[in-house]
Every structure is written in C-alpha cells, then in structure tokens.
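In each ligand, atom 1 is the first atom listed, and ligand 1 is the first ligand listed. Keep in mind that this is a model prediction, so the values were computed, not measured.
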Amino acid sequence: MQSAIAARRNVLNWRDVLSLECADQLNPIVEKIIQLKESHPANIAVQCFDAEYFSSLDSGLQQRLLDCMQSGIDNPESEMGCYACQADDYDVLRPFFAKAISRYHGQDSQSRHVSDWTIPDGDMLDIAEFGLPPLSLRIRVGRNFADLPLTSAMTQQDRTSLEKRMADVFEQLQSNPELAGTYVSLTPGHPNQLTQQEYEKLVADHVMFKAMDADPYLISAGIAGDWPHGRGCYYTPDHSFIVWVGEEDHLRIMCMKTGTKLKRVLDQLHSALQFIERSAASPFARSQDFGTVTTCPTNLGTGMRASVHLNLPHLTTGGSLDKVKEIAAPLGLGIRGMGGEHTPIGPDGTVDVSPRARLYITEGNIVHRLYDGIGQLIKAEQNLSSH
Ligand code: ADP
Ligand code: DAR
C-alpha cells in the first residue's frame with residue numbers, strides 16, 4: 001500500500017530521497033522541513049515537526065509521519081500542513097499531532113472532545129429574528145469507517161469497495177421518505193455514471209464536490225488518488241439531504257435548505273446520520289480524546305461545518321474580504337467563497353460564513369455560534385449601510 005501511495009504522487013516524494021541514506025548528515029527531506037520552518041512560520045505541521053522526535057521513530061513510523069506531512073511539504077503555504085493517512089495516526093504519532101492539533105484548535109490538547117447535538121436553550125435559532133429572509137443554510141459532517149484506510153492512503157480497490165458498501169446503505173435509505181434519493185457516480189463504467197455536463201450542473205448547484213484532481217493539497221496528500229474512481233454523491237430530489245462518497249473523508253453527510261431555522265437543519269442531519277450509522281455494517285472511526293476521526297486535523301471532533309450564504313455588500317466593498325474577516329475572526333467565524341473553500345465570493349457580496357471550531361465544541365454550540373455570529377455580522381453591515 002505504501003508503494004501505491006508513492007506511485008500516486010507526481011510530486012517530489014520524500015521516499016525518493018529517504019532511500020539516499022546520509023549517515024553523516026540530516027536526510028534531505030528533514031533538511032527541507034527545517035528550511036521551511038524558517039520560511040513558512042504559518043505552516044503548522046512544519047512548525048510542529050521535531051527532528052529529535054522524528055529520529056527517535058523507527059523507519060516505519062518515520063514514513064507514516066512524512067506521509068502525513070507530504071501535503072504541507074509540497075505546499076508550504078498550507079495552514080494545517082498535514083492530513084492523517086490511517087485513523088490511528090493521531091494516537092500512534094501523538095507527540096506530533098497533539099502539538100499540531102493544539103496549535104490549530106487553540107485548546108489544551110489534554111482536554112477531551114464531547115459530542116452533544118442539543119441546543120443549550122432549546123431555541124430554534126431562527127435568523128428571521130435578525131430581520132433576515134430565508135437564506136441558504138447547510139450543515140455537514142465528515143465521517144470515516146474504522147476498517148478502511150483514510151482517503152489519503154486508499155488504493156483504487158479500497159475506493160470502489162467503499163462505493164459498493166454505500167450502495168447498500170443508500171438502498172436502505174429508500175424506505176425513509178425524508179431521505180429517499182438517487183446515487184450518481186464518477187467511477188468510469190458505473191451504472192449511474194454521470195456525464196461531464198451532469199457533473200458540472202450538480203457542482204454548480206452545490207450538490208456535488210469540485211474536481212479533486214485540481215486541488216494541489218489533495219493531490220500531494222494522496223486524497224485525490226485514483227480520481228475519479230470510487231467517488232459519487234447521493235441526494236434527495238429537493239437537495240435537502242446529500243452524501244458525498246470518497247471526497248476528503250469517506251463520507252460527507254449534509255443537510256441543506258433555504259430557510260431561517262438553523263435548529264431544524266441540525267435535527268434533520270442528526271437523525272439522518274443516526275440512520276446511516278445504523279444501516280452501515282461498520283462503525284465510524286473515533287478517537288477517545290479527539291472524537292470523530294477525520295482525514296484533516298482541522299475537522300477533528302465533530303467533523304462539522306455549519307454555514308450560511310449571507311449577503312454583506314458593505315462589508316465586502318470592492319470584493320475585499322479584509323473588513324468582513326476583521327469582524328468575523330473574533331466571533332470565531334471563517335469566510336469562504338460561494339463555491340466553498342478556495343473560491344471567490346459572490347459578485348453581489350454574498351459570502352459563505354461558518355464557525356471555524358470543530359473540536360472541543362459540541363455540535364449544538366457550533367450552530368449556536370453561527371446563529372450569534374450572523375446577528376453580529378448583520379449589525380455591522382447595517383451600521384455601514386446607514387452611514
Ligand atoms: P465543505 O463545506 O464540505 O468543507 P466547501 O467549503 O468546499 O466544502 O463547500 C462545498 C460545497 O458546498 C460548495 O459547493 C459550497 O458552495 C457549498 N456550500 C457550502 N455552504 C453552503 C450553503 N450555506 N448554502 C449552499 N451551498 C453551500
Ligand atoms: N490544505 C489544508 C487545508 C486545511 C483545511 N481545509 C480542508 N481540510 N479542506 C491546509 O493545510 O491549509
């Protein structure tokens with residue numbers, strides 16, 4: 001499998017240099033990481049890499065650690081700079097990951113993640129209270145099966161067997177009127193294979209994920225490996241319930257609707273997730289300390305991103321995100337473009353707003369933070385528009 005990973009990468013692969021044993025000096029890849037420590041202080045994985053810890057590992061664990069860091073080495077401008085390859089990487093390589101997790105999530109890595117889907121005050125979290133019309137609301141969670149490698153280390157066979165496993169689950173969903181839908185695939189030769197035009201339409205409708213072989217981070221990490229084999233999407237006719245298969249995590253399970261009551265979307269997602277976990281024969285990967293295990297450490301804990309498309313023309317004057325980010329950051333909110341991560345904002349100043357926190361925060365509090373943040377952003381937008 002390691003060679004399958006190596007074969008999939010068409011970028012500098014550390015294994016090509018690790019084999020050049022340089023007994024009397026640091027091996028070149030470690031030297032490169034140390035150079036990056038100087039040149040890229042914002043790259044968390046590089047900053048948390050410790051050469052002494054690395055040299056204390058046997059060669060197998062050294063390979064596992066560098067495999068996890070490959071994306072951040074190839075793309076020094078990364079923020080997180082690493083992805084796990086096996087669900088237990090977070091435990092087996094704990095000295096490294098505990099530092100990186102603590103650096104990103106800003107929490108004491110000794111704390112333990114607790115899951116809780118309830119909204120503390122039972123509120124519907126209705127954004128109409130801010131005078132807003134129905135908006136596009138979306139809440140997604142990432143999940144990975146414990147008995148498969150993570151997407152960064154899967155072989156093509158792993159990817160297609162994941163797709164087959166989910167075919168059985170989607171069959172069972174047909175019995176639930178709220179969740180009955182269609183599965184479409186990108187796998188060449190799959191009976192439900194999409195045409196390129198159908199695929200592009202589903203991406204434009206925010207139902208399907210973007211082409212993974214266009215993302216340098218995912219290519220270096222091996223997550224885009226064997227593209228587009230084993231990738232697909234399940235969705236209900238009204239697009240209110242969607243499951244991605246084989247994107248950054250084995251599954252991205254999401255509910256999306258135009259409305260104002262955030263709690264309704266959260267409750268629908270929670271019951272759908274429970275239905276899927278019951279229907280699938282295998283458990284999801286969980287860590288005692290870090291909760292839900294996800295490929296990217298930024299998604300650990302809940303794997304949840306709760307977002308709203310919010311029109312903020314005065315806070316994004318001239319297409320600049322500086323002002324809106326200045327207000328969003330202290331509220332714990334991130335700003336993305338209309339097509340999601342690494343895409344531009346809408347021409348009318350509509351942005352994708354979501355809490356950054358995923359770990360050491362409950363599902364209910366993530367959604368409550370989004371609700372509170374929307375109220376603050378709308379207030380700031382109205383202050384600017386009234387001047
Ligand atoms: P993720 O949310 O899974 O981390 P992205 O940020 O790339 O991934 O978003 C994935 C897709 O979901 C994109 O097409 C994006 O536009 C869409 N999306 C995210 N939030 C919303 C929302 N509130 N309403 C509609 N589409 C959304
Ligand atoms: N390439 C990653 C992105 C981290 C967050 N986004 C994810 N997981 N989609 C980085 O290190 O910047």
Do me a favour and list the nearest non-hydrogen protein atom to atom 8 (O) of ligand 1 with residue, atom name and distance? Arg336 NH1, 3.9 Å
Plane angle bin for Tyr183 and Phe170 - parallel if under 30°, tilted between 30 and 60°, otherwise perpendicular: parallel
Under 4.0 Å from any heavy atom of Tyr217, which atoms of ligand 2 are there? 1 (N)
Hey, which atoms in ligand 1 end up nearer than 4.0 Å to a heavy atom of Lys210? 7 (O)
So the atoms of ligand 1 within less than 4.0 Å of a heavy atom of Asp352 turn out to be 19 (C), 20 (N)
Sub-3.5 Å N/O-N/O distance, Met338 and ligand 1: yes
Which residue supplies the protein heavy atom nearest to atom 13 (C) of ligand 1, what is that atom called, and how far is it? Gly339 O, 3.2 Å
Within-shell test, Ser71 vs ligand 2, heavy atom, strictly < 4.0 Å: no
On the six-membered ring of Phe209, is Arg252 placed so that its NZ or CZ lies under 6.0 angstrom from the centre and within 45° of the ring axis? no
Nearest-contact summary for atom 2 (C) of ligand 2 - protein heavy atom, Å: Tyr83 OH, 3.5 Å
Could you tell me if Thr155 and Asp158 have a donor-acceptor pair between their side chains, going purely by distance under 3.5 Å? yes
Between Thr343 and ligand 1, which residue portion shows a heavy-atom distance shorter than 4.0 Å: side chain, backbone, both, or neither? neither
Check whether the side chains of Gln47 and Asn43 place a donor and an acceptor atom closer than 3.5 Å, and report yes or no. no
Any idea which protein heavy atom is nearest atom 18 (N) of ligand 1, and the distance to it? Arg138 CD, 3.5 Å
Would Arg64 and Asp88 pass as an ion pair if we require N to O under 4.0 Å? yes
Minimum-distance protein heavy atom relative to atom 20 (N) of ligand 1: Ser307 OG, 2.7 Å
Need the ligand 2 atom indices (1-based, order shown) with element for anything under 4.0 Å from a heavy-atom of Glu79. 10 (C), 11 (O), 12 (O)
Atom 24 (N) of ligand 1: nearest protein contact (heavy atom, Å): Ser136 OG, 2.6 Å
Distance alone, cut at 3.5 Å: any donor-acceptor contact between the side chains of Gln382 and Ser385? no
Judged by non-hydrogen atoms, does Trp244 sit under 4.0 Å from ligand 1? yes
Check ligand 2 against Met80 and write out every atom of the ligand that is under 4.0 Å from a heavy-atom position of the residue. 10 (C), 11 (O), 12 (O)
Below 4.0 angstrom, N of the basic side chain to O of the carboxylate: do Glu79 and Arg356 qualify? yes
Under-4.0 Å heavy-atom contact with ligand 1, by part of Glu247 that carries it: neither
With a 4.0 Å cut-off, would you call Asp126 and Lys263 a salt bridge? no
Shortest reach to atom 6 (N) of ligand 2 by a heavy atom, considering only Glu247, Arg358, Glu341: Glu341
Counting from 1 in the order shown, the ligand 1 atoms closer than 4.0 Å to a non-hydrogen atom of Met256 are 25 (C), 26 (N)
Would you say Arg336 and ligand 2 have an N/O pair spaced under 3.5 Å apart? no
Beyond-backbone contact of Asn144 with Leu148, side-chain heavy atoms, under 4.5 angstrom: no
Write out the residue and atom name of the closest protein heavy atom to atom 8 (N) of ligand 2, then the distance separating them to 0.1 Å. Glu248 OE2, 2.9 Å
In plain terms, say whether Asp372 and Arg369 are close enough for a salt bridge, that is, a side-chain N and a carboxylate O under 4.0 Å apart. no
Which of these, Arg252, His206, Met254, has its nearest heavy atom closest to atom 17 (C) of ligand 1? His206
Identify the protein heavy atom lying closest to atom 4 (C) of ligand 2, giving its residue, its atom name and the separation to 0.1 Å. Cys296 SG, 3.9 Å
Interfacing atoms of ligand 1 (cut-off 4.0 Å, heavy-atom, Val308): 23 (N)
Thr151 and Glu248 side chains, donor-acceptor separation under 3.5 Å: no
min-distance protein heavy atom vs atom 1 (P) of ligand 1 -> Arg140 NE, 3.5 Å
Taking the side chain as every heavy atom from C-beta outward, state whether Met304 and Arg140 have any pair of such atoms under 4.5 Å apart. no
Identify the two heavy atoms, one from Gly301 and one from Leu359, that lie closest to each other, and give their separation to 0.1 Å. CA-CD1, 3.6 Å
For Thr298, counting its heavy atoms only, list the atoms of ligand 2 lying under 4.0 Å from any of them. 5 (C), 8 (N)
Can we say Asp352 and Arg305 salt-bridge, meaning some charged N sits less than 4.0 Å from an Asp/Glu carboxylate O? yes
Report yes if Gly81 has an N/O atom closer than 3.5 Å to an N/O atom of ligand 2; otherwise report no. yes
Asp249-Thr295 side chain donor-acceptor pair, cut-off 3.5 Å: yes
